[in-house]
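Scope of the values below: all heavy atoms of this structure, side chains included, with no hydrogens, waters or symmetry mates.
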Amino acid sequence: MEDDVSAEKLFFLLKQISLNLTPQLEGHMKSSDISGVQAYFLVYILRHHPEGTYLTELCHEIGVSKSTISALIKKLREKGYLCFQENLEDIRKKEVLPTEKLLAEREELLAKAVSMETELCGRLNPKERGQLWNLGQKLLARG
């Protein structure tokens, strides 16, 4: 294995990994009315915010723009998986909540996610997963 991998090779490898994850999500998570990416976003909501959260909080946690999250939420609201609840103290803030439809599909979505995660992450041993996590955090660190 090369000791000194060029920045260009590293960028292409990261891009290949990213591009490979989308079809994996689609193959494992897609259902009749939502895409794999949408389904995995719902899994995130179920795991981390089953009682609801705010758009800004999701942007910070996931690391994508407000417009991207807004578009995703809009589609999932139209399909009946998410809803908004207005904040009585600040009408500009709307809490994103899972609907009864999403809660009814919770176990199926979570099982699909665990299966996909096990298959993909099973290629790495626990030490390698830890190393990948630490390296990813280092690359994403700002400042």
Side-chain angles (χ1 to χ4, degrees), residues 1 5-143:
M1 180 157 174
V5 177
S6 72
E8 179 186 25
K9 284 183 180 179
L10 231 106
F11 280 114
F12 278 112
L13 175 62
L14 293 171
K15 187 64 176 170
Q16 286 174 320
I17 291 169
S18 175
L19 290 171
N20 184 267
L21 288 177
T22 301
Q24 295 287 337
L25 280 171
E26 294 305 318
H28 285 84
M29 300 297 298
K30 183 177 171 49
S31 69
S32 60
D33 65 337
I34 57 175
S35 72
V37 171
Q38 291 170 340
Y40 204 64
F41 178 73
L42 292 174
V43 166
Y44 184 85
I45 296 288
L46 290 169
R47 285 178 173 167
H48 300 279
H49 300 288
E51 304 299 319
T53 188
Y54 293 95
L55 182 84
T56 307
E57 190 173 342
L58 288 169
C59 294
H60 290 297
E61 291 173 1
I62 298 173
V64 297
S65 71
K66 193 172 183 179
S67 61
T68 299
I69 294 286
S70 292
L72 187 55
I73 290 171
K74 180 182 178 188
K75 288 177 186 174
L76 292 168
R77 282 182 65 214
E78 290 169 355
K79 294 176 183 187
Y81 288 98
L82 297 174
C83 64
F84 282 135
Q85 179 176 331
E86 290 192 17
N87 183 324
L88 298 176
E89 296 173 11
D90 185 349
I91 59 171
R92 295 170 296 169
K93 291 179 84 175
K94 292 180 183 164
E95 190 173 13
V96 179
L97 298 164
T99 61
E100 291 300 319
K101 179 179 180 177
L102 175 55
L103 295 175
E105 295 181 26
R106 173 187 175 93
E107 295 309 315
E108 180 185 348
L109 279 171
L110 292 174
K112 284 181 176 183
V114 168
S115 173
M116 178 191 69
E117 292 162 350
T118 301
E119 182 182 324
L120 292 174
C121 295
R123 298 172 189 163
L124 303 173
N125 66 43
K127 182 180 178 183
E128 290 169 330
R129 285 195 300 270
Q131 289 170 330
L132 182 58
W133 173 260
N134 290 334
L135 291 170
Q137 293 300 307
K138 190 174 182 177
L139 286 172
L140 293 173
R142 291 180 167 86

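Minimum interatomic distance between G52 and P98 (heavy atoms only, all atoms of both residues): N-CD, 4.3 Å. The heavy-atom pair separating R123 from E128 by the smallest distance is O-OE1, 4.2 Å. Residues K9 and V5 approach most closely at CB-CG1, 3.7 Å, considering heavy atoms. Nearest approach of R129 to L124, heavy atoms of both residues: NH1-O, 2.7 Å. Between I69 and C59, the shortest heavy-atom contact is CG1-SG, 3.9 Å. For the residue pair L102 and Y81, the shortest heavy atom distance occurs at CB-O, 3.4 Å.
How far OH of Y40 is from OG of S35: 13.5 Å, rounded to the nearest 0.5 Å. Note: Q85 CD to L97 CG = 5.0 Å, rounded to the nearest 0.5 Å. From L140, atom CG reaches atom NZ of K138 across 13.0 Å, with rounding to the nearest 0.5 Å. If you take OG on S18 and CG on L13, they are separated by 11.0 Å, rounding to the nearest 0.5 Å.
For the pair V96 and E57, the minimum side-chain heavy-atom distance is 4.5 Å or more. Contact check for T53 versus H48: no side-chain heavy atoms found under the 4.5 Å cut-off. Taking the side chain as every heavy atom from C-beta outward, V37 and F41 never approach each other to under 4.5 Å. At least one side-chain heavy atom of K79 sits under 4.5 Å from a side-chain heavy atom of Q38. Looking at Q137 and N134, their side chains never come closer than 4.5 Å, going by heavy atoms from C-beta outward. Between L109 and M29 the shortest side-chain heavy-atom distance falls below 4.5 Å.
Using modelled atom types and a 3.5 Å distance limit, the side chains of T68 and S65 yield a donor-acceptor pair.
Using a 4.0 Å cut-off between charged nitrogen and carboxylate oxygen, K75 and D33 do not count as a salt-bridge pair.
Counting non-hydrogen atoms of other residues, nucleotides and ligands closer than 6.0 Å to NZ of K94 gives a total of 12 or fewer.
Screening E117, K112, E119 for a side-chain hydrogen bond (donor to acceptor under 3.5 Å, both in side chains) involving H28 leaves a single residue, E119.
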